[in-house]
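Structure record follows, encoded as structure tokens.
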Amino acid sequence: MRNHRKHTVLAAAAIAALSLGLTACGGGDATGAKDAGSASAATQSSTGTGDNGTTGGGTADQTATKSGSTTGGSTTTGGSTAGGSTGSTGGSKAGSTGSTGSTGSTGGKSSAKTPACAYGDIKVTAAKADEVPTEHITLTATNTSGRSCTLLEYPLIAFGPIQTAKDVPAVAKSKPAAPIVLKAGAPAYANVRIALGGVHEDNKVVKEFNVNLFAPEGPAEGSIVVKAPAGGLAVDEAAAKTGYWTYELRNGADEF
């Protein structure tokens, strides 16, 4: 009787153990199945193999989103860089324009400071006017200095010794509106009346005469000796007058 109960207990224990083993195996299989199912779903989502393409569309959207984010970042960066470069360039250009303005003002100062022509800068020649008898001559002053200079006022003419010769007055109406600036090699002209025509007892024959120039503060130092045209000049100092230096002789202004 004791042995039978013992066997019964052992059998019950074996059944219980077997049941626990089967339960454990079943739970493991279920968990494995769940894990396998999750893995399969994840694989399908990542590879985009769904039948209706929905999963694939999601993958494409993610890819586009990543690409778009990268591209957008580049565009923004490029835009800011371009904007900065443009701004810098604009600033540089504005600065250059300001410098150009300074250069222009310097050019104005340089022009204003063109030195006055000195007697060593100018060659003066005389030619008779096309008239009979000769009442006028034309003086031509040529810049031989090799640089620009300003020919001021009118020629200071002495038809005799400088110390005793009578000053030849200038005709006011012939004065030009602006100073005469001569480039290297350029000429200027002055019309000079030497007589009123005909023979006069006060006329004197002149073979050469002196011309002085003006400096900013008055008559310049040095005198240019000018040879008279062939045959000399019959000069009446009382009637003599001179025009101002000008780029070309003008009707009216240089007629006197």
Side-chain angles (χ1 to χ4, degrees), residues 111-131 133-197 200 202-229 232-256:
S111 176
K113 290 183 178 180
T114 302
C117 301
Y119 80 96
D121 300 330
I122 298 295
K123 177 182 178 180
V124 179
T125 59
K128 292 180 179 181
D130 187 13
E131 58 187 5
T134 301
E135 295 183 352
H136 299 83
I137 61 173
T138 299
L139 296 183
T140 301
T142 304
N143 181 1
T144 59
S145 67
R147 56 176 174 76
S148 295
C149 65
T150 303
L151 195 58
L152 299 173
E153 303 293 340
Y154 54 88
L156 291 166
I157 303 170
F159 286 116
I162 296 176
Q163 292 78 6
T164 60
K166 182 182 178 180
D167 291 336
V168 177
V171 178
K173 71 174 183 177
S174 71
K175 185 175 182 177
I180 303 302
V181 179
L182 294 181
K183 294 182 179 179
Y189 306 93
N191 187 39
V192 181
R193 188 176 75 191
I194 61 173
L196 291 175
H200 194 279
D202 292 331
N203 286 2
K204 63 181 181 181
V205 177
V206 174
K207 297 294 184 181
E208 64 182 25
F209 55 95
N210 296 285
V211 172
N212 280 43
L213 304 179
F214 273 95
E217 63 279 1
E221 295 292 332
S223 181
I224 303 170
V225 178
V226 182
K227 290 184 177 181
L233 298 172
V235 177
D236 180 359
E237 288 186 294
K241 292 183 181 295
T242 182
Y244 282 73
W245 294 115
T246 181
Y247 291 116
E248 59 183 2
L249 296 181
R250 300 149 295 167
N251 294 331
D254 293 307
E255 293 177 347
F256 47 84

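For reference, positions follow the sequence shown, starting with 1.
Here OG1 of T134 is found 4.5 Å from NZ of K128. Values are rounded to the nearest 0.5 Å. Rounding to the nearest 0.5 Å places CZ of R147 at 15.5 Å from NZ of K183. Note that CG of N210 and CD1 of I157 are 10.5 Å apart. Values are rounded to the nearest 0.5 Å. Between the CG atom in L233 and the NZ atom in K207 there is a gap of 9.0 Å [rounded to 0.5 Å].
Between Y247 and P179, the shortest heavy-atom contact is OH-O, 3.9 Å. For the pair H136 and I194, the tightest heavy-atom approach, listed with the atom from each and the gap, is N-CG1, 4.3 Å. Of all heavy-atom pairs spanning L152 and A215, the tightest one is CD1-C, 3.6 Å. Considering all non-hydrogen atoms of both residues, G185 and T142 come closest at O-CG2, 3.8 Å. Y154 and T242 get closest at one heavy-atom pair: CD1-CG2, 4.0 Å. Between I180 and T246, the shortest heavy-atom contact is CD1-CA, 4.0 Å.
Annotation for E217: atom CD counts as buried by contact number, over 12 foreign heavy atoms lying within 6.0 Å. Other residues, nucleotides and ligands contribute over 12 non-hydrogen atoms within 6.0 Å of the CG atom of D202. Open room surrounds CD on E221; 12 or fewer heavy atoms of other groups in view lie less than 6.0 Å from it. Under a cut-off of 6.0 angstrom, the local environment of NZ in K227 is sparse, with at most 12 non-hydrogen atoms contributed by other residues, nucleotides or ligands. In the displayed structure, Y119 atom OH is contacted under 6.0 Å by at most 12 heavy atoms of other residues, nucleotides or ligands.
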| request: Report the C-alpha distance between V192 and F209 in whole Å, list the side-chain angles of each, state the deciding distance to 0.1 Å, and finish with yes or no for side chain to side chain contact (heavy atoms under 4.5 Å, CB included). | output: CA-CA 13 Å; V192 181; F209 55 95; over 6 Å; no
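The closest side-chain heavy-atom distance from L213 to L151 is below 4.5 Å. Contact of the S174 side chain with the N191 side chain is not registered, since no non-hydrogen atoms from C-beta on lie closer than 4.5 Å. Taking the side chain as every heavy atom from C-beta outward, Y244 and E153 approach each other to under 4.5 Å. A 4.5 Å side-chain heavy-atom check between C149 and N143 finds at least one atom pair inside the cut-off. Using a 4.5 Å heavy-atom threshold, the side chains of P219 and N212 count as separate. Looking only at side-chain heavy atoms (C-beta outward), D121 and L182 stay at 4.5 Å or farther from each other.
No side-chain donor-acceptor contact under 3.5 Å links K166 to the backbone of F159. A distance-only check finds no donor-acceptor pair linking the side chain of K175 to the backbone of A170 [under 3.5 Å].
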